[in-house]
Protein chains: 2
Amino acid sequence: MRGWRRDTLTARTQAESPRGIPEATVARLPLYLRALTALAESATPTCSSEDLAAAAGVNSAMLRKDLSHLGSYGTRGVGYDVENLRYQIAHEIGLTQDRNVVVVGLGNLGQALANYAGFRSRGFRVVALLDADPRLFGTGVAGLGVRPVAELEDVVASLDVAIGVIATPASAAQDVADRLVAAGVASILNFAPTVLVVPEGVEVRKVDLSIELQILAFHEQRRSPSYVGGATGAGGHDHDVVGTDGHGRRVVAAGHGEESR
Amino acid sequence: MRGWRRDTLTARTQAESPRGIPEATVARLPLYLRALTALAESATPTCSSEDLAAAAGVNSAMLRKDLSHLGSYGTRGVGYDVENLRYQIAHEIGLTQDRNVVVVGLGNLGQALANYAGFRSRGFRVVALLDADPRLFGTGVAGLGVRPVAELEDVVASLDVAIGVIATPASAAQDVADRLVAAGVASILNFAPTVLVVPEGVEVRKVDLSIELQILAFHEQRRSPSYVGGATGAGGHDHDVVGTDGHGRRVVAAGHGEESR
DNA sequence: GCGTGTGAAGAAATTCACAGCC
DNA sequence: GGCTGTGAATTTCTTCACACGC
């Protein structure tokens, strides 16, 4: 079967990364996966795009479009086979194989991360903990001993680390990132409130709690009656009609990223 | 009533809320704020959009476009006054007033969040901690006693809570969210790995560690030589050195570095 | 009929490129 | 000359709406 790839030379509306699957879609696949897992646990054999979209908190049209990038795994007039679709998405994300993770920085957050069950439950194994503070060396966190950050290179090489989680103070983050990259780690999850500069080809995801709070604060202020829009500016006559969608409720899924940005 | 589409013609060509400022821009303002604070600390009086963009890890054209939504705070031929721009952005985000935060769920993550300095340093005051586990009641975390989650409504009302942080297990998150909303909280930061359904007008930001890891895993897999792209497809587009170790990867300014050819 | 898959339309976000001001 | 601010062009993402297979 010659797969009818969308090799469409009609370079119209198609940007796609390397071989397809836009970033926005990739960011939602884990959501669908989780929703499917929930459905599977409730012994639901099949589901419509409407069902799954509701469970994932997205629009059904978007869900179908997203899934169409993976292939045709649904049946017209019926829906999707929960178990099969779950497997296909897990496969696409690459969860069929476990990946080793090292956590660098074991302050409050780092320790919480090391203990976070969500890591282990989805094929991510925390195999080493590193910190610069000698007082933490050897102490047990999540069944692992904390080792000196000086051993970073050894750890990455000997334990086949694929992902590095940075939970250090901002001042140490770039240095740690540089060393992780030099040691061969090409995937970094950064919790330090700083911008990381990395070479081409290295993927960095950032989680910044204070930024999330500030975004909330912005909307909070906007809701306030006293808000007139920034300092000056006559502002528009726009009304705050948030366009009630009739449903009265608004589903907030995962997303961003940040968000966005 | 025929189920015809709602007359969306009401919206002009801009998703913008009240007075402008697209969501993507809002999500970056905190980034600029942080960069400006760093510049201020190094006693830099003014900076160009190039400088600031580099410090924030974005493209300079995007930075200028973003700032243009706030007003004209720069000087052509010169740049931006660091202190003034910092104030303008802080004002726009609404950081001129403190906001009270309640943390619900004090497991590993919740405790780490309660202790997180980043919260307090930017005008967010954690004023109460709630949990359902009696064993935690009264124990001190970050100088506050943990109180029964049953007191949620009291706490929100008496302490003027503006933001709720949910760090409970997924199973409890929706219930907590419902109660927060009913109590008048319209801004929620959700760490529980579940989709929250909230009424229109309530803002939810979500932080999901396992989703971030899965996104990294996807790219990790894509880099892998054995990756052929889902079910079918050629794929091999990589010309990046996948070879073990060796300084295969070239440092190319970084995915964020501006560079305008 | 139902519901997927998808081209086309629409909206949003990003980047370009340059006019205009210092 | 240098740099901001911004319309226009471009790219990316989302939604619509309907043909097609069940």
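So that the names make sense, note that chain A is the first sequence line, chain B the second, and so on, each numbered from 1.
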note: A/Leu70, atom CG; C/dG5, atom P; distance rounded to Å ~ 10 Å
A/Ser171 meets the side-chain hydrogen bond (donor to acceptor under 3.5 Å, both in side chains) criterion, sequence neighbours left out, with none
With the side chain defined as heavy atoms from C-beta on, A/Arg28 is closest, among C/dT15, D/dT14, C/dT6, to D/dT14
From CG of A/Leu63 across to P of D/dC16 the rounded distance in Å is 15 Å
Considering only heavy side-chain atoms of A/Ala24, the closest of D/dT14, C/dG5, D/dT4 is D/dT14
Residue set satisfying side-chain hydrogen bond (donor to acceptor under 3.5 Å, both in side chains) with A/Thr46, at least two apart, ordered chain then number -> none
For A/Asp81, the side chain to side chain contact (heavy atoms under 4.5 Å, CB included) test, sequence neighbours excluded, returns A/Glu83, A/Asn84
Residues of residues 36-52 of chain A with a heavy atom under 4.0 Å from any atom of DNA chain C, listed by number, are A/Ser48, A/Ser49
Which of D/dT15, C/dT15, C/dC22 is nearest the side chain of B/Thr75? It is C/dC22
| said: Quick check on D/dC3: is either OP1 or OP2 less than 4.0 Å from any side-chain nitrogen or oxygen of B/Tyr73? | reply: no
Residue pairs passing the salt bridge (charged side-chain N to carboxylate O under 4.0 Å, His left out) test with at least one member in residues 54-72 of chain B, sequence neighbours excluded, are B/Arg28-B/Asp66
Sorted by chain and number, sequence neighbours left out, side chain to side chain contact (heavy atoms under 4.5 Å, CB included) with A/Ala177 holds for A/Ile166, A/Gln174, A/Ile188, A/Leu196
Side chains of B/Arg34 and A/Ser210 only: does a donor on one sit below 3.5 Å from an acceptor on the other? no
Rounded to whole Å, NZ of B/Lys65 lies from P of C/dC16 at a distance of 13 Å
Between NE2 of B/His69 and P of D/dT4 the distance, given in whole Å, is 17 Å
Rounded to whole Å, OH of A/Tyr80 lies from P of C/dC2 at a distance of 17 Å
By side chain to side chain contact (heavy atoms under 4.5 Å, CB included), B/Thr37 pairs with (sequence neighbours left out) B/Glu41, B/Arg86, B/Arg122
Closest of D/dC13, C/dG7, C/dT14 to the B/Met62 side chain is C/dT14
Applying side chain to side chain contact (heavy atoms under 4.5 Å, CB included) to A/Ser48 and not counting sequence neighbours gives A/Glu50, A/Asp51
Winner on side-chain proximity to B/Asn59, out of C/dT15, C/dT14, D/dG5, is C/dT15
Polar atoms only, N or O, under 3.5 Å: list the protein pairs with nucleotides 18-20 of chain C and their distances.
residue : atom : partner : partner atom : Å
C/dG20  : N3   : B/Arg76 : NH1          : 3.4

Closest to the 5' end of DNA chain D, once B/Ser68 and B/Val78 are matched to their nearest nucleotides, is B/Val78
Rounded to whole Å, CD of B/Glu23 lies from P of D/dT14 at a distance of 13 Å
Assess whether side chain to side chain donor-acceptor pair (under 3.5 Å) is satisfied between B/His91 and A/Gln221, documenting all intermediate values.
-> CA-CA 10 Å; B/His91 182 264; A/Gln221 144 153 310; 5.4 Å; no
